[in-house]
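Report on the structure given below.
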Number of protein chains: 2
Amino acid sequence: MHSFVSKPIVDTGELLKKSKLKDTQPRRMVLEALAKINMPVSPYGIQKWLLKKNTELNAVTIYRILHAFNSACIVHRHPCSGHFALCTLPEQKGHHGFLHCHSCGLTEEFCSPALCTLEHGIAKKAGFDLENHMNEISGLCKHCKS
Amino acid sequence: MHSFVSKPIVDTGELLKKSKLKDTQPRRMVLEALAKINMPVSPYGIQKWLLKKNTELNAVTIYRILHAFNSACIVHRHPCSGHFALCTLPEQKGHHGFLHCHSCGLTEEFCSPALCTLEHGIAKKAGFDLENHMNEISGLCKHCKS
DNA sequence: ATTGCAAATGCAATATTATTGCATGAACAA
DNA sequence: TTGTTCATGCAATAATATTGCATTTGCAAT
């Protein structure tokens with residue numbers, strides 16, 4: 001399992017402020033965990049990480065916090081795994097997709113307007129009003145190929 | 001919850017033969033359930049459906065059967081829900097995506113070479129060797145819009 | 001048809017993930 | 001500082017998923 005840092009350090013306090021959610025201790029704890037883990041992680045994974053740091057947080061609370069963060073778009077839920085990660089493209093509007101390395105677990109976010117347009121077209125042709133779309137690409141990242 | 005039939009009737013025996021998996025009673029039961037339910041359904045959902053028909057099947061067995069079917073590409077697993085459905089585009093090669101109506105639950109499969117190409121490009125640019133990609137579009141289907 | 005082996009299934013146990021209702025406590029605006 | 005609203009803790013439970021091992025079954029070779 002490789003490990004490398006490819007993401008900017010996050011000011012979790014700033015993130016919380018931006019989200020306009022209440023600033024609470026548990027929310028800061030979850031944000032810090034997400035920032036430090038720096039990889040998609042399950043709610044119970046966050047709980048375990050916090051335990052190792054000698055702090056506790058109720059699993060239900062973690063679920064609720066992640067749900068709130070997801071609605072506020074400061075985290076994303078990765079549907080294939082049910083894991084969560086901080087949104088790393090804070091300034092971009094529109095749809096985000098994910099690239100996932102099944103070897104080292106590295107997950108990068110991407111934003112592709114072309115893909116977005118294409119999927120709107122597919123939906124339209126089928127008579128659907130598109131409300132959400134989800135893309136997850138998995139494979140071997142550049143580090144693991146070698 | 002609307003209901004309508006938009007898919008061809010499936011010869012489950014034929015499907016099994018095509019898959020080259022062993023022809024067993026439990027597998028036929030699962031295939032029949034998937035064909036009759038005609039909508040993505042969870043493993044336990046299949047078990048409940050079978051119970052209503054006065055037949056039983058171990059949940060573990062259902063999981064294993066679905067896994068085998070998935071590997072043989074005669075069913076698809078819908079990642080966002082963890083539900084399974086028969087593959088309805090048997091002749092098409094390559095990537096399949098899904099359109100899902102969050103109102104009536106209708107789920108259609110689609111195949112878009114353009115989308116496939118685009119995602120390969122995204123992966124390449126990020127240095128990934130693409131091995132799998134998953135697309136789920138959700139919204140309101142034409143029936144539910146009106 | 002019969003046999004033998006590999007593969008599939010059943011069963012039991014358990015892990016993981018997720019949700020709900022209600023009582024208590026904390027944040028923050030007035 | 002107070003009051004209301006929202007967040008959290010706790011307890012219970014549901015739903016989803018996996019593993020190991022014993023037994024049975026499909027099916028190919030004879």
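Only heavy atoms go into these numbers, but all of them, side chains included; no hydrogens, no water, no symmetry mates. Here is how names work: the chains are called A, B, and so on, in the same order as the sequence lines, proteins then strands, and each is numbered from 1.
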What residues form a side-chain hydrogen bond (donor to acceptor under 3.5 Å, both in side chains) with B/Glu131, not counting sequence neighbours?
-> A/His102
Applying side-chain contact (heavy atoms from CB on, under 4.5 Å) to A/Asp129 and not counting sequence neighbours gives B/Leu140, B/Lys145
By side-chain hydrogen bond (donor to acceptor under 3.5 Å, both in side chains), which residues pair with A/Arg28, not counting sequence neighbours?
-> A/Asp23
Mind listing the residues from residues 46-67 of chain B sitting with a heavy atom below 4.0 Å of DNA chain D? Number order is fine.
-> B/Val60, B/Tyr63, B/Arg64
Can you tell me which residue pairs pass the side-chain hydrogen bond (donor to acceptor under 3.5 Å, both in side chains) test with a partner in residues 60-74 of chain A, sequence neighbours excluded?
-> none
Give every donor-acceptor pair under 3.5 Å between a side-chain atom in residues 74-84 of chain B and any protein atom, sequence neighbours left out.
from    : atom 1 : to       : atom 2 : distance (Å)
B/His76 : NE2    : B/His96  : ND1    : 3.1
B/His76 : NE2    : B/Glu109 : OE2    : 2.6
B/Ser81 : OG     : B/His78  : O      : 3.4
B/Ser81 : OG     : B/His83  : N      : 3.1
B/His83 : ND1    : B/Pro40  : O      : 3.4

Excluding sequence neighbours, so at least two apart, what forms side-chain hydrogen bond (donor to acceptor under 3.5 Å, both in side chains) with A/Lys17?
-> none
Earlier contact from the 5' end, DNA chain D, for B/Gly45 and A/Arg27 = A/Arg27
Sequence neighbours excluded - ring-ring contact (aromatic ring centres under 6.0 Å, His included) pairs with any residue from residues 122-142 of chain B = B/His95-B/His133, B/His120-B/His133
C/dA15 base / A/Tyr44 side chain donor-acceptor hit below 3.5 Å | no
Partner set under side-chain contact (heavy atoms from CB on, under 4.5 Å) for B/Lys48, not counting sequence neighbours = none
Report yes if a side-chain nitrogen or oxygen of A/Arg77 is closer than 4.0 Å to either non-bridging phosphate oxygen (OP1 or OP2) of C/dA18; otherwise report no.
-> yes
Atom CG of B/Leu16 and atom P of C/dA7 are separated, to the nearest Å, by 17 Å
Five-pair end axes of the helix from C/dA1-D/dT30 to C/dA30-D/dT1 and the angle they enclose, rounded to 10° = 40°
Apply the test side-chain hydrogen bond (donor to acceptor under 3.5 Å, both in side chains) to residues B/Glu119 and B/Asn135: give CA-CA distance (whole Å), side-chain angles for both, the deciding distance (0.1 Å), then the verdict.
-> CA-CA 10 Å; B/Glu119 293 192 327; B/Asn135 304 92; 2.7 Å; yes
Return the set of residues passing side-chain hydrogen bond (donor to acceptor under 3.5 Å, both in side chains) with B/Gln47 (not counting sequence neighbours), or none when no residue passes.
-> none
Between protein and nucleotides 23-30 of chain D, map the contacts as a letter string: B base, S sugar-phosphate only, - none, heavy atoms under 4.0 Å, written 5' to 3'.
-> ---BS---
